[in-house]
Chemist: 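My questions will all concern the structure given below.
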Amino acid sequence: MRILLTGAAGFIGSHIADLLVDDGHEVLALDALLPQAHGGEPPEWTGRHDLIHGDVRDGELLDRLLPGVDAVCHQAAMVGHGLDPSDAPSYAGHNDYATAVLLAAMHRARVTSLVLASSMVVYGEGRYTCARHGNVRPAPRRPEDLAAGRYDPGCPRCGDALAWATVPEDAPLDPRSTYAATKLAQEHLASAWARQTGGGCWALRYHNVYGPRMPRDTPYAGVASIFRSALADGRPPRVLEDGRQQRDFVHVTDVARVNVRALVAEAPVGALVPVNVCSGEPHTVGDLARTLATAMGGPAPLVVGGARAADVRHVVADPSRAADLLGFTAGVRFADGVAAFATDPLREPAVGVGREPAVGVG
């Protein structure tokens with residue numbers, strides 16, 4: 001297959017590019033090499049690819065690249081918690097406007113198959129059950145409860161404690177951050193494109209991805225990278241809340257593998273199909289910090305309490321749809337992946353990008 005891969009120099013995109021080429025596919029590897037991510041230079045691991053330096057928002061460039069393409073794998077995005085709402089125009093431009101430009105160009109070139117990098121952040125809080133009221137949407141976590149160390153949300157009807165459950169793809173969507181809002185908007189744009197054109201989109205909702213080539217020491221780094229940077233400096237990883245927040249940590253090589261499966265699978269017709277991409281092996285953020293600290297021989301994590309406004313308590317995915325529709329189950333176990341992550345090569349921060357305090361919830 002001939003595949004246009006956006007964000008091909010990035011953390012996840014570069015692993016997808018390698019796997020596609022290993023499997024004999026022709027890859028048009030496109031990346032804007034944004035200075036805040038790469039310093040304007042391609043990372044060393046892109047050397048095996050003929051990297052095309054360009055922006056997804058350049059419709060004329062896409063018109064030159066898309067003829068003859070069988071499918072598009074859209075990984076390019078601005079990711080992470082970011083700094084504050086002043087990031088919103090950049091998130092909307094790089095994530096939503098870029099996706100709109102790409103979809104318009106795909107329509108002109110009559111390319112009808114899309115694999116979209118989405119995220120578990122579109123769910124907001126995960127799924128919860130009340131002993132008396134069944135599945136419920138939890139009540140918002142109040143600042144006074146967080147300040148008092150009461151981190152688990154209660155039932156909106158009776159106030160009782162809730163139990164977390166795995167989140168299926170048809171769960172209500174409730175983005176809590178600028179990044180989350182732009183990821184959901186990408187899904188809506190792709191869904192509209194699919195209905196209007198008869199095309200098909202797999203929207204892969206990544207859970208907490210970690211592994212080699214992860215960016216480090218930026219405001220957009222993931223929690224695993226933030227913890228590792230602290231440990232490398234001899235500092236304990238600082239964990240928000242009580243460290244018992246449930247997440248699903250999935251290795252980047254598994255994420256690359258499910259992208260390739262989606263690209264070669266029969267695309268949906270006239271629809272977007274969301275698919276959780278997860279390990280199916282939930283762990284707490286505290287588990288991550290402790291396991292990584294042990295692997296690196298560093299100090300034990302420091303649980304510091306508190307919570308950020310956009311943080312959610314528990315998000316654990318149901319992996320069954322990925323298995324049923326794409327034949328995908330994760331292969332990297334948590335203990336093995338985190339132990340390897342202790343020494344995995346990471347993407348160095350761009351010059352002039354400040355370090356993020358080593359605090360995380362995932």
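Keep in mind that this is a model prediction, so the values were computed, not measured.
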Chemist: Is R321 close to N276 at the side-chain level, that is, under 4.5 Å between some pair of heavy atoms?
Modeler: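 Sidechains of R321 and N276: no contact.
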
Chemist: Quick check: closest heavy atoms across N95 and M78, and the distance to 0.1 Å?
Modeler: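 Nearest heavy atoms, N95 then M78: OD1-N, 2.7 Å.
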
Chemist: Is L5 reachable from L61 through a run of hydrophobic residues whose side-chain heavy atoms are each under 4.5 Å from the next?
Modeler: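 No, no single cluster joins them.
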
Chemist: Check the pair L240, V304 against side-chain contact (heavy atoms from CB on, under 4.5 Å), reporting the backbone distance first and the verdict last.
Modeler: CA-CA 5 Å; L240 289 180; V304 299; 3.8 Å; yes

Chemist: Once side-chain contact (heavy atoms from CB on, under 4.5 Å) is applied, do any residues pair with V315, and if so which ones, sequence neighbours excluded?
Modeler: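 For V315, the residues satisfying side-chain contact (heavy atoms from CB on, under 4.5 Å) (neighbours in sequence not counted) are M120, H207, V312.
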
Chemist: With sequence neighbours left out, what residues match D22 under salt bridge (Lys or Arg N to Asp or Glu O under 4.0 Å)?
Modeler: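 Expected list: R48.
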
Chemist: Which residue pairs satisfy the side chain to side chain donor-acceptor pair (under 3.5 Å) criterion with at least one member in residues 326-337, sequence neighbours excluded?
Modeler: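 Pairs touching residues 326-337 that pass the test: E281-R333.
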
Chemist: For N259, what residues pass the side-chain hydrogen bond (donor to acceptor under 3.5 Å, both in side chains) criterion, not counting sequence neighbours?
Modeler: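 Partners of N259 under the side-chain hydrogen bond (donor to acceptor under 3.5 Å, both in side chains) test: Q75, Y206.
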
Chemist: If you look at every heavy atom in P301 and V239, which pair is closest and at what distance?
Modeler: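 In terms of heavy atoms, the two residues are closest at CB-CG2, 4.1 Å.
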
Chemist: Between W45 and P212, is any pair of side-chain heavy atoms under 4.5 Å apart?
Modeler: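 A side-chain contact under 4.5 Å is absent here.
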
Chemist: Can I get a per-line list of side-chain donor-acceptor pairs under 3.5 Å for residues 100-113, giving both atom names and the distance, sequence neighbours left out?
Modeler:
from: R108; atom 1: NE; to: D63; atom 2: OD1; distance (Å): 3.0
from: R108; atom 1: NE; to: D63; atom 2: OD2; distance (Å): 3.4
from: R108; atom 1: NH2; to: D63; atom 2: OD1; distance (Å): 3.0
from: R108; atom 1: NH2; to: D63; atom 2: OD2; distance (Å): 3.4

Chemist: Holding to side-chain contact (heavy atoms from CB on, under 4.5 Å), I want the full list of residues that pass it with A342, two or more places apart in sequence or in another chain.
Modeler: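 Only L292, A295, M296 meet the side-chain contact (heavy atoms from CB on, under 4.5 Å) criterion with A342.
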
Chemist: Check whether any side-chain heavy atom of Y123 sits under 4.5 Å from a side-chain heavy atom of R176, and report yes or no.
Modeler: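 No - every pair of side-chain heavy atoms lies 4.5 Å or more apart.
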
Chemist: Verify the distance criterion only: is there a donor paired with an acceptor across the side chains of T182 and D96 at less than 3.5 Å?
Modeler: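 Looking only at side-chain atoms, D96 and T182 do not form any donor-acceptor pair under 3.5 Å.
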
Chemist: Going only through I, L, V, M, F, W and Y residues with side-chain contacts under 4.5 Å, is there a path from V255 to V115?
Modeler: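 The answer is yes; both residues are in one hydrophobic cluster.
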
Chemist: By side-chain contact (heavy atoms from CB on, under 4.5 Å), which residues pair with S320, not counting sequence neighbours?
Modeler: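 side-chain contact (heavy atoms from CB on, under 4.5 Å) check on S320 returns D318, D324.
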
Chemist: Of the non-hydrogen atoms in A307 and E241, which two are nearest, and what is the gap between them?
Modeler: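 Scanning both residues, the minimum pair turns out to be CB-OE2, 3.6 Å.
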
Chemist: Look up atom CG in L28 and atom CG in L62, then write down how far apart they are to the nearest 0.5 Å.
Modeler: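 If I round to the nearest 0.5 Å, the distance is 11.0 Å.
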
Chemist: Tell me every residue that passes side-chain hydrogen bond (donor to acceptor under 3.5 Å, both in side chains) with E187, counting only those two or more places apart in sequence or in another chain.
Modeler: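 Checked E187 against side-chain hydrogen bond (donor to acceptor under 3.5 Å, both in side chains); matches are S118, R205.
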
Chemist: Are V69 and I52 connected into the same hydrophobic cluster when the rule is that any two of I, L, V, M, F, W, Y join if their side-chain heavy atoms are below 4.5 Å apart?
Modeler: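 Same cluster.
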
Chemist: Quick check: does any side chain N or O of D242 sit under 3.5 Å from a backbone N or O of R244, one acting as donor and the other as acceptor?
Modeler: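 Yes, because the side chain of D242 sits within donor-acceptor range (under 3.5 Å) of the backbone of R244.
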
Chemist: What pairs of residues pass the ring-ring contact (aromatic ring centres under 6.0 Å, His included) test when at least one of them lies in residues 250-306, not counting sequence neighbours?
Modeler: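 Those involving residues 250-306 are Y210-H251, H283-F334.
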
Chemist: Are Y179 and V167 connected in the hydrophobic side-chain network, where two residues link if heavy atoms are under 4.5 Å apart?
Modeler: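 Result: yes, single cluster for both.
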
Chemist: Mind listing the closest non-hydrogen atom pair of F227 and A289 along with its distance?
Modeler: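 The answer is CE1-CB, 3.7 Å.
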
Chemist: Got L114 and W193 here, is their nearest side-chain heavy-atom distance under 4.5 Å?
Modeler: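 Contact flag for L114/W193 side chains = yes.
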
Chemist: Please name the pair of heavy atoms, one in A190 and one in L272, separated by the smallest distance, quoted to 0.1 Å.
Modeler: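 Result for this residue pair: CB-CD1, 3.7 Å.
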
Chemist: Rounded at 0.5 Å granularity, tell me how far CG in N208 sits from CG in L288.
Modeler: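 Here the interatomic distance stands at 8.5 Å.
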
Chemist: Taking D344 for its side chain and G211 for its backbone only, find out whether a donor-acceptor pair lies under 3.5 Å.
Modeler: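 Such a contact is absent between D344 side chain and G211 backbone.
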
Chemist: Search all heavy atoms of A98 against all heavy atoms of V56 and return the closest pair with its distance.
Modeler: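 It is O-CG1, 3.5 Å.
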
Chemist: Counting C-beta onward and ignoring hydrogens, is there a side-chain heavy-atom pair between R257 and D254 closer than 4.5 Å?
Modeler: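 Sidechains of D254 and R257: in contact.
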
Chemist: Which value, rounded to the nearest 0.5 Å, describes the distance between L263 atom CG and I3 atom CD1?
Modeler: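 The CD1 atom of I3 is 4.5 Å from CG of L263, to the nearest 0.5 Å.
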
Chemist: Within a strict 4.5 Å, meaning less than it, do heavy atoms of the F249 and V223 side chains meet?
Modeler: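 They are in side-chain contact.
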
Chemist: Output a table of donor-acceptor pairs, distance under 3.5 Å, between side-chain atoms of residues 147-163 and any protein atom two or more places apart or on a different chain; print 'none' if there are none.
Modeler:
from: R150; atom 1: NE; to: D145; atom 2: OD1; distance (Å): 3.0
from: R150; atom 1: NH2; to: D145; atom 2: OD1; distance (Å): 2.9
from: Y151; atom 1: OH; to: G306; atom 2: N; distance (Å): 3.4
from: D152; atom 1: OD1; to: R313; atom 2: NE; distance (Å): 3.0
from: D152; atom 1: OD1; to: H314; atom 2: NE2; distance (Å): 2.8
from: D160; atom 1: OD2; to: R132; atom 2: NE; distance (Å): 3.3
from: D160; atom 1: OD2; to: R132; atom 2: NH2; distance (Å): 3.2

Chemist: Nearest 0.5 Å please: distance from the OG1 atom of T46 over to the NE2 atom of H53.
Modeler: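 Those atoms lie 11.5 Å apart.
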
Chemist: Within a 6.0 Å radius of atom CD on E144, are there more than 12 heavy atoms belonging to other residues, nucleotides or ligands?
Modeler: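 Yes, the 6.0 Å shell around CD holds more than 12 heavy atoms from other groups.
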
Chemist: What distance do T6 atom OG1 and I16 atom CD1 have between them, rounded to the nearest 0.5 Å?
Modeler: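 Spacing of OG1 (T6) from CD1 (I16) equals 9.0 Å.
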
Chemist: Sequence neighbours excluded, which residues qualify as side-chain contact (heavy atoms from CB on, under 4.5 Å) partners of L346?
Modeler: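 Result, side-chain contact (heavy atoms from CB on, under 4.5 Å) vs L346: M214, R216, S225, R228, F341.
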
Chemist: Are L204 and F328 side-chain neighbours, meaning at least one heavy-atom pair lies under 4.5 Å?
Modeler: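 Contact flag for L204/F328 side chains = no.
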
Chemist: Could you check D55 against H94 for side-chain hydrogen bond (donor to acceptor under 3.5 Å, both in side chains), going step by step and ending with a plain yes or no?
Modeler: CA-CA 9 Å; D55 198 311; H94 288 293; 5.0 Å; no

Chemist: Between the side chains of R290 and T294, does any donor sit under 3.5 Å from an acceptor?
Modeler: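 Their side chains do not contain a donor-acceptor pair, so the 3.5 Å distance test is not met.
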
Chemist: Side-chain contact test, heavy atoms from C-beta onward, threshold under 4.5 Å: evaluate it for V277 versus V209 and give yes or no.
Modeler: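 Not in contact.
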
Chemist: Just verifying a value: how many Å separate D174 CG and L184 CG, rounded to the nearest 0.5 Å?
Modeler: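 So the CG of D174 and the CG of L184 are separated by 9.5 Å.
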
Chemist: Check for me, please, whether V136 and L173 land in the same ILVMFWY cluster - side-chain distances under 4.5 Å, paths through other members count.
Modeler: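 Unlinked, V136 and L173 end up in two clusters.
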
Chemist: Test: salt bridge (charged side-chain N to carboxylate O under 4.0 Å, His left out). Region: residues 64-74. Which pairs qualify, not counting sequence neighbours?
Modeler: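 Output for this query is empty, none listed.
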
